[in-house]
Amino acid sequence: METKKTIFSGIQPTAVFTLGNFLGAIKNWGALQDSFDCVYSIVDMHAITVRQDAAKLREQTLKSYALTMACGIDPEKSALFIQSHNPHHAEMNWILSCNTQFGELSRMTQFKDKSEKHPDDINAGLFTYPVLMAGDILLYQADLVPIGIDQKQHLELARNVAERFNFRYGDFFTVPEPYIGETGAKIMSLQDPTKKMSKSDDNPNASVYILDDRNSIINKFKRAVTDSETEVRFDAEKKPGISNLMTIFSACTGKSFDEIEKTFSGHGYGDFKSAVGETVADCLKPIQDKYNSFIKDRDYLKNCYTEGLKKAMKISGKTLSKAYRKVGFVDKP
Ligand code: TYM
């Protein structure tokens with residue numbers, strides 16, 4: 001029997017997921033579940049690299065778990081767990097930290113961006129964040145990692161760390177490949193289409209959140225920043241706003257850019273923006289309905305994350321104890 005390849009991915013529970021998180025990553029997580037062994041995590045340990053209110057983080061982590069299920073991750077098919085519940089992540093983090101160079105971490109653009117955003121709290125965790133992320137992936141010997149483009153540099157670092165470890169200690173880690181979807185891998189802000197759409201944007205009109213109500217979604221698209229032309233045409237350089245809306249429309253409907261251009265030829269931006277808003281609202285409605293029923297049933301959620309943890313730890317435990325042997329630690333009594 002052919003063994004299935006393994007997938008790992010994670011998402012931070014810092015806020016309700018955005019349309020970018022959904023189209024760039026989670027939509028693909030769901031689609032991969034039948035053909036691969038999938039392990040997915042709500043990465044709360046990553047979230048505390050930026051100051052969080054403890055009560056809010058706890059609640060947001062449970063909400064994120066329910067939202068991930070509502071987005072189509074089936075806890076029966078995949079191992080869906082909360083990162084801080086599995087101590088192997090912190091343990092692997094140490095081994096990999098000793099196999100990661102200061103210089104390579106210094107080149108991470110997300111570290112530079114986040115340091116600029118939080119100049120009063122440039123903590124060591126923010127700097128070593130990509131090592132924790134490498135451990136998340138390598139613990140499950142993942143072949144593929146579905147992510148948006150913004151995580152590509154971190155994935156590249158995980159590959160380098162895996163290769164370095166394999167070189168030093170003998171072939172051990174699977175070197176993971178990124179899995180980046182064709183459309184939607186970088187959804188841009190609706191207010192500044194040169195910036196990616198982000199959970200932490202201060203401008204509420206910049207990001208569409210998966211749980212936004214229909215009217216807010218439609219209004220956010222109506223207010224989306226575009227250019228002074230009127231033609232719905234894809235040109236990421238010259239027309240980043242309209243191109244972003246076309247990408248969103250294409251990712252939600254499966255229509256090509258050519259088809260979209262033909263459909264909206266001669267219509268102007270107003271009609272197109274309304275159509276994108278309506279389409280996104282329709283696409284998110286079933287997710288919102290499922291979320292509302294999952295979040296009410298805390299016992300069911302607990303049962304799911306407990307089972308998910310068991311499945312995850314079975315795999316990560318094996319990898320960790322082999323890694324401990326490789327580096328020369330005495331077997332645990
Ligand atoms: P996070 O929580 O910022 O985002 C989760 C996923 O959503 C993707 N994404 C986007 N895709 C398209 N357009 C956007 N505007 C957009 N914004 C976010 C991200 O690329 C990501 O795939 N470090 C990770 C979490 C993580 C992880 C891991 C991911 C921790 N360990 C191991 C993969 C494997 C992060 O902060 O993602």
Side-chain angles (χ1 to χ4, degrees), residues 6-30 32 38-50 52 57 60-61 64 67-68 71 73 81-84 86 89-90 92-93 96 108-111 113-114 117 125-126 128-159 161-162 176-201 206-210 240 244 247-248 251-252 312 316:
T6 301
I7 300 265
F8 181 90
S9 201
I11 185 158
Q12 292 197 58
T14 41
V16 174
F17 306 156
T18 67
L19 186 63
N21 294 134
F22 178 65
L23 297 178
I26 303 189
K27 197 165 162 256
N28 296 330
W29 295 13
L32 295 164
C38 298
V39 184
Y40 296 127
S41 186
I42 309 301
V43 293
D44 51 350
M45 289 165 73
H46 281 85
I48 63 163
T49 53
V50 170
Q52 305 288 341
L57 178 63
Q60 196 54 52
T61 300
S64 300
L67 196 50
T68 305
C71 288
I73 310 313
F81 72 103
I82 296 171
Q83 185 189 29
S84 63
N86 182 352
H89 289 253
M92 183 57 96
N93 183 38
L96 298 182
M108 296 292 112
T109 55
Q110 206 163 77
F111 171 69
D113 294 346
K114 288 204 177 171
K117 210 171 162 193
L126 193 63
T128 61
Y129 172 118
V131 186
L132 183 63
M133 177 163 161
D136 298 342
I137 300 165
L138 303 183
L139 271 173
Y140 302 93
Q141 302 283 15
D143 299 280
L144 278 181
V145 183
I147 41 170
I149 285 176
D150 64 316
Q151 293 300 321
K152 222 177 140 197
Q153 196 187 29
H154 289 162
L155 202 270
E156 199 52 47
L157 182 118
R159 288 170 55 84
V161 172
E177 298 280 344
Y179 178 100
I180 295 177
E182 262 170 46
T183 29
K186 191 167 187 190
I187 301 296
M188 311 308 277
S189 152
L190 297 187
Q191 289 299 309
D192 176 358
T194 60
K195 239 174 61 179
K196 74 158 187 170
M197 184 181 284
S198 159
K199 286 188 214 97
S200 57
D201 204 307
S207 306
V208 170
Y209 295 92
I210 297 192
N244 187 38
T247 302
I248 293 172
C252 292
S316 60

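Atoms within each ligand, like the ligands themselves, are counted from 1 in listed order.
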To which protein heavy atom is [atom] closest, and what is the distance rounded to 0.1 Å?
| atom | result |
| --- | --- |
| atom 19 (C) of ligand 1 | Asp150 OD1, 3.3 Å |
| atom 32 (C) of ligand 1 | Phe8 CE2, 3.5 Å |
| atom 11 (N) of ligand 1 | Gly20 O, 3.2 Å |

For ligand 1, which is the ligand I care about here, please tell me if [X] has any N or O atom under 3.5 Å from one of the ligand's N or O atoms.
| X | result |
| --- | --- |
| Gly148 | yes |
| Val145 | no |
| Met197 | yes |
| Ser9 | no |
| Asp136 | yes |

For [atom], state which one of [options] supplies the nearest heavy atom.
| atom | options | answer |
| --- | --- | --- |
| atom 28 (C) of ligand 1 | Lys195, Lys186, Met133 | Met133 |
| atom 26 (C) of ligand 1 | Ser41, Gly181, Gly10 | Gly10 |
| atom 21 (C) of ligand 1 | Gln83, His46, Gln151 | Gln151 |

Legend entry - Contact with ligand 1 for Phe17, non-hydrogen, under 4.0 angstrom: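 For ligand 1, residue contact (heavy atoms, under 4.0 Å) with Phe17 is absent.
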
Legend entry - ligand 1 contact by Gly184, heavy-atom criterion under 4.0 angstrom: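 So Gly184 counts as touching ligand 1.
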
Inset, instruction - Using the side chain to side chain donor-acceptor pair (under 3.5 Å) rule, collect all pairs that involve residues 132-148, keeping only residues at least two apart or in two chains. - result: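 Passing the test, one end in residues 132-148: Gln83-Asp136, Asn86-Tyr140, His89-Asp136, His89-Tyr140, Gln141-Thr174.
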
Inset, instruction - Starting at CD1 of Ile42, measure out to OG of Ser64 and round the result to the nearest 0.5 Å. - result: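 Here the rounded value is 5.5 Å.
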
Legend entry - Sidechain-backbone polar pair: Ser207 side chain, Ser198 backbone, donor-acceptor under 3.5 Å: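 Confirmed, Ser207 side chain pairs with Ser198 backbone.
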
Inset, instruction - List every atom of ligand 1 that sits less than 4.0 Å from any heavy atom of Gly24, numbering the atoms from 1 in the order shown and giving each element. - result: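 Atoms satisfying the 4.0 Å criterion: 11 (N), 12 (C).
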
Legend entry - Under-4.0 Å heavy-atom contact with ligand 1, by part of Lys199 that carries it: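 For Lys199, the contact with ligand 1 is made by the side chain alone.
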
